[in-house]
Amino acid sequence: MNLGQLLYLVETVRQGSYSAAAPELFVTPQTISKSLSELEAELGIKLFERNGKRLVITDQACLLAEKAENVLAAVSDLEGLAYQLKSNRELKASHIAIAVASTPLRGRLVSSDLLGLFKKRNPNIEVTIRENGSESCLNAVEQKLVDAAITLGRTSRLGLKWTQIYPFKFSVTVSRNNPLADRPIVDILSISNYQIATPMDFRCAYRLIERQFEVYGLKPRYTDIVPDKSAHQEFLNSNGIIFTAQNSCLENVYNDIVTLPLIPEDRITIPICLIYREDNSNPSIPILQKDLLITGKAIKYQLN
């Protein structure tokens with residue numbers, strides 16, 4: 001067993017097939033299939049099955065992928081610590097440009113405390129922040145337009161490193177006229193009868209939501225919604241459901257809505273990650289990384 005196999009396993013479970021995972025990992029589907037077949041033989045358990053041309057992900061694969069992602073996150077944290085220790089202490093940290101994932105129509109993805117506390121603790125570091133979708137944030141890091149990004153989900157792009165900060169938990173937002181609005185908490189079965197806005201602005205979320213429905217032998221009834229406030233409001237008014245962040249900022253976007261958490265058994269999470277280029281020597285990055293890990297632990301404790 002090696003880290004490459006764990007990465008292939010996590011991405012295949014997340015994407016649902018070898019062909020969908022391959023572009024994210026910059027390898028061929030055949031490479032993933034061969035590597036995971038070797039992992040199956042080594043572990044002596046079945047990770048994937050075939051139903052015609054469709055790849056079926058077993059419960060064992062889902063369980064191992066969850067543990068594997070924790071291992072990968074721990075390794076990434078160790079690499080980040082090593083980066084911090086070997087960074088040139090003679091260089092003065094003075095400025096850092098950060099791209100932060102933002103989806104105004106789906107709620108605040110990144111806690112306002114995350115960078116607010118960093119700026120307060122490091123008044124000598126000038127911080128420039130730009131907000132974009134997660135994919136645009138990654139592109140900005142690759143193109144050296146920013147030093148780092150805080151995004152929803154990790155990345156497997158070559159030359160980029162990631163550190164997991166804390167888990168982002170999805171909630172669902174409905175109109176106050178929706179029959180679900182009176183409930184304090186909802187589950188997958190209760191929302192399965194409603195149209196669900198396709199999570200186009202949540203990178204990786206589409207497959208994660210779909211997989212949670214598959215646990216009950218269901219499929220989400222996705223509906224594409226134009227990325228426009230009025231279109232989303234109309235969808236909510238027609239008893240549609242939107243997967244969103246759990247924060248109060250949505251009350252300033254839509255009228256007469258309620259945001260509800262999912263029961264623990266149906267919880268859907270994606271890690272909030274710090275992304276930076278492997279070759280970026282900005283001395284502010286290790287300081288930011290260390291600070292975010294500290295703040296992230298506090299946020300994770302609050303979420304639990």
Side-chain angles (χ1 to χ4, degrees), residues 1-12 14-15 21-28 31-32 35 65 68-101 109-110 114-115 118 122 125-168 203-204 270-297:
M1 183 188 304
N2 56 57
L3 293 177
Q5 289 174 317
L6 297 184
L7 182 60
Y8 290 173
L9 173 63
V10 168
E11 199 63 37
T12 300
R14 174 179 288 131
Q15 299 294 339
E24 300 295 324
L25 298 168
F26 300 94
V27 297
T28 66
T31 298
I32 298 176
S35 181
E69 185 147 21
N70 292 335
V71 171
L72 292 170
V75 171
S76 180
D77 290 347
L78 285 173
E79 290 175 338
L81 177 60
Y83 174 76
Q84 178 185 342
L85 294 174
K86 73 178 182 181
S87 62
N88 189 345
R89 298 295 181 178
E90 296 180 357
L91 293 177
K92 185 178 179 180
S94 60
H95 177 266
I96 187 168
I98 308 168
V100 179
L109 302 182
V110 178
L114 207 56
L115 288 176
F118 171 74
N122 301 277
I125 299 179
E126 180 185 353
V127 180
T128 301
I129 299 174
R130 56 185 292 180
E131 296 187 350
N132 294 102
S134 286
E135 287 297 325
S136 296
C137 288
L138 290 177
N139 293 336
V141 174
E142 282 189 322
Q143 297 167 16
K144 301 184 179 181
L145 300 177
V146 296
D147 296 298
I150 300 175
T151 70
L152 189 65
R154 58 180 180 76
T155 181
S156 53
R157 296 191 187 186
L158 296 177
L160 298 186
K161 307 293 290 184
W162 58 274
T163 298
Q164 184 170 314
I165 306 301
Y166 67 91
F168 172 90
R203 190 171 61 93
C204 304
I270 300 181
I272 296 291
C273 292
L274 173 69
I275 311 291
Y276 55 93
R277 292 190 315 279
E278 192 171 9
D279 62 354
N280 193 324
S281 60
N282 186 334
S284 298
I285 292 179
I287 298 174
L288 174 65
Q289 182 183 46
K290 180 180 178 181
D291 196 279
L292 294 186
L293 287 171
I294 294 172
T295 306
K297 287 182 180 179

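- Summarising the geometry of A101 relative to L152, their closest heavy-atom pair is CB-N, 4.2 Å, with the distance given to 0.1 Å.
- Considering L115, I150, T151 in turn, I150 is the only one that fulfils the side-chain contact (heavy atoms from CB on, under 4.5 Å) rule with V110.
- A side-chain N or O of H95 and one of T128 form a donor-acceptor pair less than 3.5 Å apart.
- In this structure, E278 contributes its side chain and K161 its backbone to no donor-acceptor pair below 3.5 Å.
- Here L293 contributes atom CG and L274 contributes atom CG; the two are 8.0 Å apart, rounded to the nearest 0.5 Å.
- Shown here for M1 and Q5, the closest heavy-atom pair between the two residues is CA-OE1, 3.1 Å.
- When side chains are defined from C-beta on, K144 counts as touching D279, because their heavy atoms get closer than 4.5 Å.
- Contact record, I125 with I96: CG2-CG2, 4.0 Å, taken as the closest heavy-atom pair.
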**OP:** Kindly indicate, with the supporting measurements, whether the criterion side chain to side chain donor-acceptor pair (under 3.5 Å) is fulfilled by R277 and N282.
**Re:** CA-CA 10 Å; R277 292 190 315 279; N282 186 334; over 6 Å; no
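- Taken from CG in L145 to CZ in R130, the straight-line distance is 5.5 Å, to the nearest 0.5 Å.
- For L9 against A65, the heavy-atom pair with the smallest separation is CD2-N, 3.9 Å.
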Original post:
Could you walk me through whether L158 and E142 pass the side chain to side chain contact (heavy atoms under 4.5 Å, CB included) check?
Top reply: CA-CA 9 Å; L158 296 177; E142 282 189 322; over 6 Å; no
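- Between atom CZ of residue F168 and atom CD1 of residue I272 there is a gap of 6.5 Å, rounded to the nearest 0.5 Å.
- A distance of 5.0 Å separates CG of D147 from CG of N280, quoted to the nearest 0.5 Å.
- Atom-to-atom distance recorded for K290:NZ and T163:OG1 is 14.0 Å, nearest 0.5 angstrom.
- Closest non-hydrogen pair, L288 versus F118, comes out as CA-CE1, 3.5 Å.
- The nearest pair of heavy atoms linking E69 to P271 is OE2-CG, 4.0 Å.
- Distance check: E131 CD to C137 SG gives 8.5 Å after rounding to the nearest 0.5 Å.
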